[in-house]
Number of protein chains: 2
Amino acid sequence: MQNSSPPKMNATEQAYHGIRNDILTGRLKEGERLTETRLSDDLGLSRTPIREAIGRLILEGFIERQSGYTTRVAHFPEDEAEQVYEIRRLVECYSVQRAARLATEEDIAALRRIHAAMQADTPPRDQAAYQRLTEANEEFHRTIVAAARSPRLTALMTTALDVSMVVRTYSMFSEKDLRRSLNHHAELIDAIEARAPDWAASVMSAHLLAGAARVAARLKTAGSDDGQD
Amino acid sequence: MQNSSPPKMNATEQAYHGIRNDILTGRLKEGERLTETRLSDDLGLSRTPIREAIGRLILEGFIERQSGYTTRVAHFPEDEAEQVYEIRRLVECYSVQRAARLATEEDIAALRRIHAAMQADTPPRDQAAYQRLTEANEEFHRTIVAAARSPRLTALMTTALDVSMVVRTYSMFSEKDLRRSLNHHAELIDAIEARAPDWAASVMSAHLLAGAARVAARLKTAGSDDGQD
DNA sequence: GCGCGCTGATCTGCATGCAAAATGCAGCGT
DNA sequence: ACGCTGCATTTTGCATGCAGATCAGCGCGC
């Protein structure tokens, strides 16, 4: 199910995304023991890329080393999604504050470009459009963090935002949600361009709290049909 | 200079700490190109642990992949230390808020134990005492984050707090600073025990801002005698 | 004289081999 | 019947080998 769509990816990335995906979709259950050999067999790769992927997943908290030679899938609390949104709120509100002070014209132009692309895909006509929206959204947020000109934040983001995909949000946005999200993005750009850090931070906070609320509402109703890609 | 003190460490950790140390002390200069072969020669290890260390250092932002086969030491902005303290403030204030709600009796007992050990070493009589203080301090903060019961936060912390050691702060604390820091710690424990999230967060904020101010003051005066160990 | 393509050297990504450490199971002793 | 010790197996950590990609310097053409 995840084999053919991204054609160009080196073995380590394949291993990383493959294992992570298997954890998120539940193919690898919480607490299950992992061995490099089995994973390398399952994914058709050698142990080296598997090792590197496992190392990263341990750093990110998806996998835990118990003692010596025992490695297990981590156990996730039920408030995982809420946690991710809270942490993103901390990091991204701060980032956008800095971005409002430090963003260059190029940064702002890039944001506008991404925003335009997202508008063109709203409402999304097919699955591919959803895919593009999700990726553009990530790119948008990543661009803001990059505009904050802090290598530390960027490094944190590659951990935290990747994690945020735990809940592949965009595929469950209603059109109303999507439009609101787009409006937030537009307002964020305006606030950055106006060099108004507090304005930008407030919008970002609303943006992420809205996202969190949507996920929370969804988790309350449905609990079964996840794991769609 | 970093070879004999920690006797038990596997090759990957050795590589990680070795390279990171060489970057922090300036032995590897900003922008310098790195090759696995040279590093493995320098550190007397094979390429495999070097590769894994490089991978982690890239995630943490110490090293950058330029294009294809070119890997360089990252370039650090001058406000690096300030950045680290700001990010820690975001993450740790939030952590201690959660800790104030979720900490167990064991967590609080552990904090008290660490605190007592730090008091016993204050004022520090020798270099070893400084070392112990630094480590106990890290352990204290890590314990608080762990008490927040959020794997995400913990994962973030292993990136962000490790980074914070960029500035090996404790060796430049005056006795007054040390006492204030200890008082903060004591107050943090009390606030957590009293289940007072906002109180705890405020103290943590003060604690880290005080630390940041100290570093800032130091960077303003001295700029030469760093790189001690 | 200067730019461009080409070739050799270098470097990374990945696979595999090997030794040491850990696991777990069976047989022994109590 | 139960716990413990010892051994076979498994698993990781690290080293090394190899192929493809990249880089750097040279010669050729303009």
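Atom set for the values below is all heavy atoms of this structure, side chains included, hydrogens, waters and symmetry mates excluded.
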Over how many whole Å does the gap from [X] atom [atom1] to [N] atom [atom2] extend?
{"X": "A:M9", "N": "C:dC14", "atom1": "CE", "atom2": "C1'", "value": "16 Å"}
{"X": "A:R65", "N": "C:dA22", "atom1": "CZ", "atom2": "C1'", "value": "13 Å"}
{"X": "A:L45", "N": "C:dG13", "atom1": "CG", "atom2": "C1'", "value": "12 Å"}
{"X": "A:E13", "N": "C:dC14", "atom1": "CD", "atom2": "C1'", "value": "14 Å"}
{"X": "A:E52", "N": "C:dC14", "atom1": "CD", "atom2": "C1'", "value": "9 Å"}
{"X": "B:I54", "N": "C:dC11", "atom1": "CD1", "atom2": "P", "value": "12 Å"}

(message) Here's a test of your reading of the structure: between A:P49 and B:T35, which maps to the more 5' nucleotide of DNA chain C?
(response)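 Comparing both residues, the 5'-ward one is B:T35.
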(message) C:dC14, OP1 or OP2 - any side-chain N/O from A:R47 closer than 4.0 Å?
(response)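 Answer no for this pair, as no side-chain N or O of A:R47 is under 4.0 Å from OP1 or OP2.
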(request) Give a yes/no on whether any side-chain N or O of A:T12 is located under 4.0 angstrom from OP1 or OP2 of C:dT12. (result)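 So the side-chain polar atoms of A:T12 never come under 4.0 Å of the phosphate oxygens OP1 or OP2 of C:dT12.
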(request) Could you tell me whether A:D107 and A:R149 have a side-chain N and a carboxylate O separated by less than 4.0 Å? (result)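 Looking at A:R149 together with A:D107, the answer is yes, because their closest N to O distance falls below 4.0 Å.
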(request) Output yes when A:R98 and B:E86 qualify as a salt bridge under the 4.0 Å nitrogen-oxygen rule, no when they do not. (result)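 Looking at B:E86 together with A:R98, the answer is no, because their closest N to O distance does not fall below 4.0 Å.
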(message) For the residue pair B:Q131 / B:E135, report whether a side-chain donor-acceptor contact shorter than 3.5 Å exists.
(response)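 Yes, B:Q131 and B:E135 have a side-chain donor paired with an acceptor closer than 3.5 Å.
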(request) Kindly indicate whether a cation-pi arrangement holds for A:R152 with B:F62, taking the cut-offs as under 6.0 Å to the six-membered ring centre and within 45° of the axis. (result)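 Pair A:R152/B:F62 counts as cation-pi.
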(request) Could you point out which residue of B:L153, B:L90, B:V91 forms a side-chain contact (heavy atoms from CB on, under 4.5 Å) with A:I87? (result)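 When B:L153, B:L90, B:V91 are each tested with A:I87, the side-chain contact (heavy atoms from CB on, under 4.5 Å) holds only for B:L153.
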(request) For B:I50, report the nucleic acid contact type (base, sugar-phosphate, nothing); a contact means any heavy atom under 4.0 Å. (result)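 The answer is nothing, as B:I50 stays clear of every strand by at least 4.0 Å.
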(message) Of all nucleotides in DNA chain D that come within under 4.0 Å of a heavy atom of chain B, which is furthest toward the 5' end and which toward the 3' end?
(response)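 On DNA chain D, the outermost contacted nucleotides are D:dC14 to D:dA24.
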(message) Between A:T48 and A:R33, which residue's closest nucleotide on DNA chain D lies nearer the 5′ terminus?
(response)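 Nearest nucleotide further toward 5': that of A:R33.
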(request) Measure from the ring center of B:H115 to the ring center of B:H184 and say whether it is less than 6.0 Å. (result)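 They do not qualify: ring centres at least 6.0 Å apart.
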(message) Quick check for you: among C:dT23, C:dT12, C:dG13, whose closest atom lies nearest to any side-chain atom of A:T70?
(response)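 In terms of side-chain proximity for A:T70, the closest of C:dT23, C:dT12, C:dG13 is C:dT23.
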(message) So if I take every side-chain heavy atom of A:Y69 and compare against C:dC11, C:dG24, C:dA21, which nucleotide ends up nearest?
(response)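 For the A:Y69 side chain, the nearest candidate turns out to be C:dA21.
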(message) Checking side-chain hydrogen bond (donor to acceptor under 3.5 Å, both in side chains) between A:R72 and each of A:E30, A:E32, A:Q66, A:E64, which is the one that passes?
(response)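 Single side-chain hydrogen bond (donor to acceptor under 3.5 Å, both in side chains) partner of A:R72 among A:E30, A:E32, A:Q66, A:E64: A:Q66.
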